[in-house]
**Student:** 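If you scroll down you'll find the structure; I have some questions about it.
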Amino acid sequence: MADYSKEEIKRIEGKWRTIWDQRGDYRVSNDSPKPKYYVLDMFPYPSGAGLHVGHPLGYIASDIVSRYKRLKGFNVLHPMGFDAFGLPAEQYAIQTGQHPRVTTEKNISTYRSQLSNLGFSYDWSRKVDTSDPSYYKWTQWIFMQLFNSWYNRAGVSDLNHGKAEPIATLIAHFEKHGNQGIQAYCDEPAVVFSAKEWQSFTAVQREDILQRYRIAYLAETMVNWCAALGTVLSNDEVKDGVSERGGYPVERLKMLQWNMRISAYAERLLSGLDTIDWPEPVREMQKNWIGKSVGCELDFPLLTENASDDQLAVRVFTTRIDTIYGVTFMVIAPEHELVEKITTKDQRAAVTSYVEIAKNRSERERMSEVKRISGVFTGAYVKNPFNGEKVPVWVADYVLAGYGTGAVMAVPCSDTRDYAFAKHFDLPVIPVLEGPHADITKENFEPKSGKMINSDFLNGLLWNDAIEKAAERVETMKIGVRRVNYRMRDAIFGRQRYWGEPFPVYFKDGIPTLVNESDLPVTLPEIDAYKPTETGEPPLGRAKDWNYNGYTYELTTMPGWAGSSWYWFRYMDPQNDKEFCGKSAQKYWRDVDLYIGGSEHATGHLLYSRFWCKALKDLGYVDAEEPFLKLINQGHIQGVSKLAYRINGTNTFVSYNLRKEYEVTPIHVDISIVNGDVLDIERFKAWRDDLRDSEFKLEAGQYICGSEVEKMSKRYYNVVNPDDIVSSYGADTLRMYEMFLGPLEISKPWNTHGIDGVYKFLRRFWNLFHDAQGVFRVSEEMATQQELKVLHKTLKKVAHDIEQFSFNTSVSEFMICSNELNSMKCNKRVILEPLVIALAPFAPHLGEELWQLLGHTTPLLDATFPIYDESYLKENAFEYPISINGKVRAKMNFALDMPREDIEKVVLASEAVQKWTEGKAPKKIIVVPGRIVNVVI
RNA sequence: GCCCGGGUGGUGAAAUUGGUAGACACGCAGGACUUAAAAUCCUGUGGAUAGUAAUAUCUGUGCGGGUUCGACUCCCGCCCCGGGCACCA
């Protein structure tokens, strides 16, 4: 007796997991004549809460694709691992003294067992763990390569391209020519030096210069310091002036920090987006983050009575050089170096106090006061180089020191911020554009519109032609150059934390120096507590006897994104202890064909990974310019929280529809003690001690809870554990149900209501193979045309849907197929066997069991996905809807190869059409073969 | 404010990309089996009107207009929801 019952499911699924494991079905070889296909999931951070039903959504999809591609004859790499360094384990360590390694290992093993319950086809022998020394050895090694390189822009026509090269080539150049003739992407060097000077520099001075060129470098930078977390955060970890994790306040501080010169790659990161198949929103986000703007940089010479100052000029960056005749004032950032120098005596007091206030205002305050206009006149004037007009210079904090030159030429007639500023301080506005949308005072204002006026040689031109012409003039006048600016800043690469990769760096006479490659990895030392030292050093400052030949190590650790910026390479060759990824593995797998994960990583992980991939390519270690060819963002499964309403100041709860009559505070109730919307009052009282004496105001004898859709989280008591679903329905049902829920990319709340439908389908499918007594039985008869048609229609749709990543419709397709076969009472092997193969990517356990019952001894994954045959789908006739004036009024059958004219004749002569046309000849008749016949009267 | 997505039954959603809107599933209603319930199976199910009925007609994809023989799909204007960016010159 084998009904597809709960017990039977448990038996089947357990059995196959064991067999897969023992037989090694999912081991992947790097040496195969088959074409490769690499399917990657964004690896999880193993949190203490374990997996909830939302996590596997993307993993299920990628597993379906992996299994499908294997059946299609590809050698598929489908690995899984853990992004194991991170803050929660460390916070937990600070509170409990428990070593983060211990917590992390425990969490990893929970995750692994939860994942294997779902029947994923991962090759676990390729598991990576970013916190394992054998892994982070190579993270450190990559850091060393980046430290030892610079970005050369020479020899490339487009200045913004170029590539990373070993630092030795730069030093060789310095020795011969100083830093002249170098086209490097670097911090503006304060000095230009000759070869002679270079040779005269001390080691410290030389290193100081090299740091300006290295791709991984140490520099004094403004950082986002989060005192509560005791660490710096990158820009993408700060949201609205508070930390993304925990929501603690963040302030701007200047600190000596490790950085990554990602800005050197801005142009390649941008143009590379056109070569990869990624969702539009992610590409947009990366484009915005990179923030390219093309314009001009030019000098406005300072006008002053003081003769010694006449060298000074204010350099501005503008994308709208065409509007230069509309400049009526100039604004520089409070932090601008010229503020000191140019402010006149009369204005000094006002300027100093303004600058003081602006500097002390935190980023957060500055953001929240975006709309407030403030600024102060410096007393200084510059000369507009185009028309010689005298232009007053103001200081205002709406101009940012960190972007462009920290100074703007204000054109109030075409820029809304400049306009607001001009209005507020009563500065003049000169219109330079004329057209229906060119008036800034009007609602329909459009800055890029109209024709130039009041602009001398530009008059009459369109704005974009004027930009071109004005830019030419700037260059011929030698007052400036065309320039491209990027909003993207270099990435901070250091944390004042314990649980991260140590830097392979020590300090020798104040010079940051790399350890020998043979001394990698630099392992995390044991320390007695995981918090900063009393003197404010990072936790690693507590380590005893931790040094490199007597020299002190760098005490910060690498940020969370270090380990995840190259992990897909490690999966290709995970055991290699000579290289981070061997050449031959690299050649075979090359890049990721399909990457599935959440869009929250759009400007973090996904950008850093592209950056490292490009840098490694420049240095000759990898072949791929882009790591992830196709990206899919799976949506998030949200939780449905249940709420009870407590009357303020009492222990009485009112039912949902009565809550408006009282002052109430909603509290989250554990969803396991709510049935539908009805609260189980006894279990509620037993749930928490403080609720034992609760009283209730009921409606219709029941307590009804409210609901809210929010993030699935322990904190809201709305977590659904996949293990629970697996134990009552089985992994196959859960897998199919999660796919059935809707399109992969869409976020949706979890509800278990529909899961029965999927379970019933699987049971019915199972029953096709079993007789009324539950004994396995298939017929060896030939299939009928009709049965073959059902089979091939299903195969065609399912294959097509999987390739389109439209898994919800493929599940529906299987249901339709099974319903049809059921009503035909078809139990023929020739029909059922191909369906088992096609269904197996979705329901691998069930598939494998039926495959075995059908008499196969080899793994199902070695089978071939059945090829559908169009000829079975061909109809010789088609039932045409006959529409009259757009409305379907009749249906008629015609052979598919029947000529249009003949169809027209028959349709016109038909009774149905005669009735509607009342005998009159129609205006027009349109026959779309295989679709519709439309009669227009 | 700017840039992306998206609005289809009671619910989750389909729609071969301009060709019978609502497939498939949940829920609901009715029926069969059963002493009864659960489970299972069958039937119906966007709305309105007419009819004992089979059925027929109208209406219907956020709102208003347009293109077309034909629009959920394309174009213009508006409303609402979700996501991202936010003084970037």
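What you see is a predicted model, and the numbers here were worked out from it, not measured in a lab. Naming: A, B, ... by sequence-line order, numbering from 1 per chain.
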**Student:** Are any of A:R763's side-chain N or O atoms less than 4.0 Å away from OP1 or OP2 of B:A39?
**Tutor:** no
**Student:** Could you tell me how far apart A:R487 (CZ) and B:G84 (C1') are, to the nearest whole angstrom?
**Tutor:** 12 Å
**Student:** Please confirm whether the shortest side-chain N or O distance from A:S883 to OP1 or OP2 of B:U20 is below 4.0 Å.
**Tutor:** no
**Student:** Spell out, as yes or no, whether a donor-acceptor pair under 3.5 Å connects the side chain of A:Y868 to the backbone of A:K797.
**Tutor:** no
**Student:** Determine the interatomic distance between P on B:G5 and the same-named atom on B:C75; round to the nearest Å.
**Tutor:** 12 Å
**Student:** How would you list, by chain and number, every residue that makes a side chain to side chain contact (heavy atoms under 4.5 Å, CB included) with A:E337, sequence neighbours excluded?
**Tutor:** none
**Student:** List the residues meeting side chain to side chain contact (heavy atoms under 4.5 Å, CB included) with A:K793, not counting sequence neighbours, and say none if there are none.
**Tutor:** A:E813, A:E820, A:L873
**Student:** With C1' as the reference atom in both, quote the distance from B:U45 to B:U35 in angstrom, rounded to an integer.
**Tutor:** 32 Å
**Student:** Taking for each residue the nucleotide of RNA chain B bearing the nearest heavy atom, is the 5' side occupied by A:E879 or by A:F317?
**Tutor:** A:E879
**Student:** What pairs with A:I9 under side chain to side chain contact (heavy atoms under 4.5 Å, CB included), at least two apart in sequence or on another chain?
**Tutor:** A:Y4, A:E13, A:Y759
**Student:** Write out the stems for RNA chain B, ordered by first number and formatted as range with range, counting runs of at least 3 consecutive Watson-Crick or G-U wobble pairs under 3.5 Å.
**Tutor:** B:1-7 with B:79-85, B:10-12 with B:24-26, B:27-32 with B:40-45, B:46-50 with B:55-59, B:62-66 with B:74-78
**Student:** Using a 90° cut-off around 0 for syn, call B:G9 syn or anti.
**Tutor:** syn
**Student:** Counting primed atoms plus P, OP1 and OP2 as sugar-phosphate and everything else as base, spell out the protein contacts along nucleotides 21-28 of chain B at 4.0 Å heavy-atom distance: B, S or - for each nucleotide, 5' to 3'.
**Tutor:** --BBSS--
**Student:** Using a heavy-atom cut-off of 4.0 Å across all strands, would you classify A:R889 as base, sugar-phosphate, or nothing?
**Tutor:** sugar-phosphate
**Student:** For A:C817, what residues pass the side chain to side chain contact (heavy atoms under 4.5 Å, CB included) criterion, not counting sequence neighbours?
**Tutor:** A:V790, A:T794, A:L821, A:L835
**Student:** Would you classify A:I926 as touching base, sugar-phosphate or nothing, given that sugar-phosphate means primed atoms plus P, OP1 and OP2, and contacts are heavy atoms under 4.0 Å?
**Tutor:** base
**Student:** For A:R931, answer base if it contacts any base atom (sugar-phosphate contacts may also be present), sugar-phosphate if it contacts only those atoms, and nothing otherwise; contact means non-hydrogen atoms under 4.0 Å.
**Tutor:** sugar-phosphate
**Student:** Between B:U8 and B:A21, how many Å separate the two C1' atoms, rounded to a whole number?
**Tutor:** 8 Å
**Student:** Salt bridge (Lys or Arg N to Asp or Glu O under 4.0 Å): which pairs involve residues 313-327 of chain A, sequence neighbours left out?
**Tutor:** A:E297-A:R315, A:D299-A:R315, A:R320-A:D322
**Student:** Do you see a donor-acceptor pair shorter than 3.5 Å between the side chains of A:S871 and A:D869?
**Tutor:** yes
**Student:** Quick check on side-chain contact (heavy atoms from CB on, under 4.5 Å): which of A:V339, A:V399, A:V316 does A:I332 satisfy it with?
**Tutor:** A:V339
**Student:** Would you mind reading off the distance between A:Y759 atom OH and B:U40 atom C1', rounded to a whole angstrom?
**Tutor:** 11 Å
**Student:** Expressed as a whole number of Å, how far does the P atom of B:G22 sit from that of B:G46?
**Tutor:** 9 Å
**Student:** Heavy-atom distance under 4.5 Å between the side chains of A:F842 and A:I802, does that happen here?
**Tutor:** yes
**Student:** Please table the atom pairs, donor to acceptor, closer than 3.5 Å between any side-chain atom in residues 882-889 of chain A and protein atoms at least two apart or in another chain.
**Tutor:**
{"residue": "A:S883", "atom": "OG", "partner": "A:N934", "partner atom": "OD1", "Å": "3.1"}
{"residue": "A:S883", "atom": "OG", "partner": "A:N934", "partner atom": "ND2", "Å": "3.0"}
{"residue": "A:N885", "atom": "OD1", "partner": "A:I937", "partner atom": "N", "Å": "3.0"}

**Student:** Rounding to an integer number of Å, can you tell me how far A:N885 CG sits from B:C58 P?
**Tutor:** 12 Å
**Student:** Under the salt bridge (charged side-chain N to carboxylate O under 4.0 Å, His left out) rule, collect the residues that match up with A:D439, sequence neighbours excluded.
**Tutor:** A:K442
**Student:** Looking at the side chain of A:P743, which of B:U20, B:G19, B:A13 is the nearest nucleotide?
**Tutor:** B:A13
**Student:** Taking only side-chain nitrogens and oxygens of A:Y398, does any of them come within less than 4.0 Å of OP1 or OP2 of B:A89?
**Tutor:** no
**Student:** How would you list, by chain and number, every residue that makes a side-chain hydrogen bond (donor to acceptor under 3.5 Å, both in side chains) with A:Y403, sequence neighbours excluded?
**Tutor:** A:S293
**Student:** Rounded to whole angstrom, note down the P distance from B:C79 over to B:G27.
**Tutor:** 40 Å
**Student:** When rounded to the nearest Å, what value does the distance between P atoms of B:C2 and B:G77 take?
**Tutor:** 14 Å
**Student:** For nucleotides 3-7 of chain B, list the nitrogen or oxygen atoms of the protein found under 3.5 Å from its nitrogen or oxygen atoms, one pair per line.
**Tutor:**
{"residue": "B:C3", "atom": "O2'", "partner": "A:E284", "partner atom": "OE1", "Å": "3.4"}

**Student:** Which residues pass the salt bridge (charged side-chain N to carboxylate O under 4.0 Å, His left out) test with A:D277, sequence neighbours left out?
**Tutor:** A:K630
**Student:** Which whole-number value in Å describes the distance from A:M739 CE to B:G12 P?
**Tutor:** 18 Å
**Student:** Report the distance from atom CG of A:D3 to atom C1' of B:C41, rounded to the nearest whole Å.
**Tutor:** 14 Å
**Student:** For A:N893 and B:U20, give me the distance from atom CG to atom P, rounded to whole Å.
**Tutor:** 16 Å
**Student:** Taking CD from A:Q638 and C1' from B:C81, how many angstroms apart are they, rounded to a whole number?
**Tutor:** 13 Å
**Student:** Examine B:G12: is either OP1 or OP2 under 4.0 Å from a nitrogen or oxygen in the side chain of A:K748? Give yes or no.
**Tutor:** no
**Student:** Using atom P of each nucleotide, how far apart are B:U67 and B:C58 to the nearest Å?
**Tutor:** 23 Å
**Student:** Between A:F421 and A:S374, what is the shortest heavy-atom contact and its length?
**Tutor:** CE1-O, 3.4 Å
**Student:** Taking atom P in both B:C80 and B:G31, what distance in whole Å separates the two?
**Tutor:** 47 Å
**Student:** Starting from C1' on B:G12, measure out to OH on A:Y737 and report it in whole angstrom.
**Tutor:** 7 Å
**Student:** Assign each of A:L741 and A:G402 to its nearest nucleotide of RNA chain B by heavy atoms, then name whichever residue's nucleotide is nearer the 5' end.
**Tutor:** A:L741
**Student:** Of all the choices, B:G19, B:A89, B:C69, which nucleotide is nearest to the side chain of A:K924 once you look at every atom?
**Tutor:** B:C69
